[in-house]
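When a residue number appears, it is its place in the shown sequence, counting from 1. Note that the structure is predicted; figures quoted are calculated from it, not measured.
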Amino acid sequence: MVRRALEEAIHEALKAMGLDLRLKVAKAPKDKPGDYGVPLFALAKELKKPPQAIAQELRERLELPPFVEEAIPVGGYLNFRLKTEALLEEALREKKPFPKREGLVLIEHTSVNPNKELHVGHLRNIALGDSLARILAFAGREVLVLNYIDDTGRQAAETLFALRHYGLTWDGKEKYDHFAGRAYVRLHQDPEYEKLQPGIEAVLHALERGELREEVNRILLAQLATMRALNAHYDLLVWESDIVRAGLLGKALELLEQSPHVLRPREGKYAGALVMDASPFIPGLEDPYFVLVRSGGAATYYAKDIAFQFWKMGLLEGLRFKPYENPYYPGLRTSAPEGEPYTPKARETINVIDVRQSHPQALVRAALALVGRPDLAEGAFHLAYETVLLEGKQMSGRKGLAVSVDEVLEEAKRRALAVVAEKNPEHPDKEEAARMVALGAIRFAMVKTEPRKQIDFRYEEALSFEGDTGPYVQYAHARAHSILRKAGAWGSPDLSQATPYERALALALLDFEEAVLEAAEEKTPHVLAQYLLDLAAAWNAYYNAKEGSRPATPVLTAPPGLRELRLALVQSLQRTLKTGLSLLGIPAPEVM
């Protein structure tokens with residue numbers, strides 16, 4: 001990989017200059033000489049020299065990689081021009097998954113309460129988690145994806161109570177999770193809601209005992225249909241009731257109580273409770289104490305989160321798993337008392353939970369450090385994300401103001417069908433193309449933005465074939481595929497015939513692997529999404545290039561040798577776009 005090879009060469013040269021620093025190499029601006037460059041202004045203070053002088057010295061000390069033609073000092077930058085043939089060879093090289101690395105990464109995402117249909121707020125969680133799992137797997141990591149089923153929570157209890165209380169019978173005309181969700185909303189709008197609490201509590205206790213599982217599973221199966229339609233993948237389902245039965249909470253508390261930072265105060269507001277002093281690990285807290293078990297004996301959700309995290313990272317055992325019967329995910333396994341013992345022993349975990357859960361997630365990391373595993377605390381990552389608006393509106397499931405994912409998918413497909421029919425009336429399968437475009441629009445909109453920024457999903461913008469959208473990238477792929485389909489077979493390319501247009505497209509292709517690795521390291525898919533937008537833009541600029549009024553880059557009618565080079569570049573571009581889209585869970589239509 002070009003950028004990392006340059007960064008390594010610069011690192012070695014800086015060490016010879018007395019600085020053990022790693023600098024980031026980036027694309028050089030179009031109005032400056034060279035293809036890549038590194039800024040040196042930050043070194044001026046350390047080396048007590050002006051950046052221009054540092055650039056000259058660095059060039060003299062640098063052992064250039066064989067693919068670099070020359071290093072060019074430009075003010076406070078050192079730029080690099082690549083050899084054209086080496087650049088083209090690298091651009092045409094097939095991009096395969098990276099070699100496997102040791103150490104399991106466990107990603108928990110989705111984890112929707114099994115009480116109603118998925119709403120638009122869940123879209124971002126699913127798209128982020130699923131895309132990151134795909135990216136990490138391509139980057140060489142062993143990945144396990146977990147979906148947590150809170151079948152002992154109040155939301156599930158309220159839905160099951162409402163279905164019984166109102167005597168509701170499913171007629172099969174709507175998805176079962178929508179049917180159950182309407183009962184949940186009805187309960188919260190019931191003027192007698194407060195008086196119904198004893199009945200809800202009775203259902204809650206039944207769930208805690210592991211009863212009513214089939215009733216919860218009926219809702220879960222309907223939810224899984226939606227997850228499958230979103231092209232999300234899972235390896236494990238873990239049920240809260242199985243965690244309770246396995247006694248993980250008690251085992252976790254035993255471990256924690258061995259720490260001097262976990263105590264039971266005898267007086268004050270925490271008297272009789274089991275509390276954790278997080279001050280050594282979370283500085284600046286006004287009140288450093290967090291309750292794990294209340295004085296009455298009830299565990300807090302902090303304690304439950306910690307126990308589950310301990311199991312994920314191999315500090316606790318006790319859960320068993322068996323194949324999960326369902327029509328959507330053939331290889332899926334579920335926790336079950338009668339299953340086989342399994343503990344993941346993950347080296348790293350990624351919990352995809354919205355930004356409002358940042359504090360509890362910090363406590364989970366603190367707990368790992370408290371039991372003497374700072375290494376595991378370092379490997380516990382919270383992928384925090386901001387909320388999603390739909391056409392500018394905030395969602396609320398309890399008030400019945402949420403829009404379901406099923407509705408969003410259906411509306412996006414309806415609109416995509418109209419766009420496909422308008423652009424390509426002769427399309428051989430408009431329905432399937434519309435499904436792909438709708439999925440691309442929704443998933444890309446959820447991952448193209450840095451996770452900590454709020455998203456306002458708008459159909460018209462997301463489904464546009466222009467701009468920063470999934471369909472824009474899909475359309476670029478389809479256009480490339482069309483050229484290759486017409487070309488048939490071709491021979492060897494003549495790299496010496498490359499023009500500046502081929503060089504520019506090759507440069508754009510060069511950074512795919514860098515984008516994948518950066519997205520994996522930073523644990524955010526938006527890096528790869530932005531790269532795909534840039535690559536699609538470079539392809540469109542190449543495709544539409546003009547010299548005077550004539551096309552500058554005809555592919556099929558180019559002279560021999562150059563025709564083959566252009567076809568090879570188009571093929572590399574088509575494969576790269578397809579692979580990149582697949583890493584975001586997005587299909588790559590061949591015809592649009």
Side-chain angles (χ1 to χ4, degrees), residues 110-123 126 147-230 232 234 237-242 244 322-329 332 334-337 395-411 413-414:
T110 306
S111 302
V112 176
N113 286 316
N115 71 314
K116 64 195 301 293
E117 72 279 7
L118 278 68
H119 63 70
V120 72
H122 299 127
L123 277 172
I126 294 170
N147 189 348
Y148 179 81
I149 313 303
D150 187 5
D151 62 323
T152 67
R154 188 167 189 84
Q155 290 90 341
E158 288 185 335
T159 293
L160 296 189
F161 171 82
L163 290 170
R164 293 178 177 183
H165 179 70
Y166 300 119
L168 301 175
T169 304
W170 185 50
D171 61 9
K173 291 181 180 177
E174 62 182 331
K175 276 181 81 231
Y176 190 77
D177 51 346
H178 288 254
F179 165 72
R182 286 196 297 107
Y184 175 78
V185 171
R186 180 175 171 180
L187 178 66
H188 277 272
Q189 295 173 344
D190 194 323
E192 302 290 307
Y193 177 73
E194 293 303 325
K195 295 179 182 178
L196 299 174
Q197 295 310 302
I200 295 169
E201 290 293 327
V203 175
L204 191 56
H205 293 319
L207 287 171
E208 288 168 352
R209 293 191 298 270
E211 301 169 12
L212 311 178
R213 182 147 169 164
E214 279 310 308
E215 292 185 39
V216 177
N217 190 56
R218 197 175 183 187
I219 298 170
L220 174 61
L221 281 169
Q223 292 179 331
L224 285 171
T226 303
M227 298 168 201
R228 189 71 194 88
L230 285 170
Y234 308 92
L237 300 179
V238 176
W239 295 66
E240 167 83 12
S241 57
D242 292 327
V244 173
K322 68 173 187 177
Y324 177 66
E325 291 183 18
N326 75 99
Y328 310 111
Y329 295 100
L332 188 58
T334 180
S335 62
M395 302 291 108
S396 172
R398 195 165 285 165
K399 296 176 182 176
L401 300 177
V403 176
S404 75
V405 173
D406 296 311
E407 290 174 86
V408 173
L409 279 167
E410 195 56 42
E411 177 65 11
K413 183 179 175 183
R414 185 187 67 78

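The neighbour count for E201 CD, taken as heavy atoms of other residues, nucleotides or ligands under 6.0 Å away, is above 12.
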Salt bridge (charged side-chain N to carboxylate O under 4.0 Å, His left out) between E215 and R218, intermediate numbers included: CA-CA 5 Å; E215 292 185 39; R218 197 175 183 187; over 6 Å; no
Criterion side-chain contact (heavy atoms from CB on, under 4.5 Å) on Y193 and E158, from CA distance to verdict: CA-CA 10 Å; Y193 177 73; E158 288 185 335; 2.5 Å; yes
Pair L160-L207, side-chain contact (heavy atoms from CB on, under 4.5 Å): steps then yes or no: CA-CA 10 Å; L160 296 189; L207 287 171; 4.0 Å; yes
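Distance check, rounded to the nearest 0.5 Å: OH of Y324 to CG of L332 gives 7.5 Å. With rounding to the nearest 0.5 angstrom, the OG1 atom of T152 is 12.0 Å from the CG atom of L212. For the atom pair CD1 of I200 and CZ of R154, the computed distance is 5.5 Å after rounding to the nearest 0.5 Å. Within the model, atoms OH of Y329 and CZ of R228 stand 5.5 Å from one another, a figure rounded to the nearest 0.5 Å. Separating the CG atom in N115 from the CD atom in Q155 is a distance of 6.0 Å, to the nearest 0.5 Å.
Between the H122 side chain and the H119 main chain, a donor and an acceptor come within less than 3.5 Å of each other. Panel note: side chain Q223, backbone K116; a donor-acceptor pair is recorded below 3.5 Å. Of the possible polar contacts, one joining the D151 side chain to the S241 backbone as a donor-acceptor pair under 3.5 Å is found.
Annotation for T169 and F179: closest pair C-CZ, 3.6 Å, computed over non-hydrogen atoms. Pairing each heavy atom of S335 with each of R213, the nearest pair is O-NH2, 2.7 Å. Counting all heavy atoms, side chain and backbone alike, A162 lies closest to L187 at CB-CB, 4.0 Å. The two residues L168 and R186 have their closest heavy-atom pair at CD2-NH1, 3.8 Å. The two atoms that bring A232 and I126 nearest to each other are CB-CG2, 3.7 Å, heavy atoms only. The nearest pair of heavy atoms linking P327 to L221 is CD-CD2, 4.3 Å.
Between N147 and T110, the side chains place no donor N or O within less than 3.5 Å of an acceptor N or O (distance only, hydrogens not considered).
Using a 4.5 Å cut-off on side-chain heavy atoms (C-beta onward), E411 and R414 make contact. Inter-residue side-chain proximity for M227 and L118 is flagged as met; some heavy-atom pair is nearer than 4.5 Å. Looking at heavy atoms from C-beta onward, W170 lies in side-chain contact with Y176 at the 4.5 angstrom threshold. Two residues are said to be in side-chain contact when any heavy atoms from C-beta on lie closer than 4.5 Å; N217 and L220 meet this criterion. I219 places none of its side-chain heavy atoms less than 4.5 Å from the side chain of Y184.
Contacts of H178 classified as side chain to side chain contact (heavy atoms under 4.5 Å, CB included), with partners at least two apart in sequence or in another chain: E117, E174, K175, S404, D406. For the ring pair (Phe, Tyr, Trp, His ring centres under 6.0 Å) test, no residue two or more places apart in sequence or in another chain qualifies with Y328.
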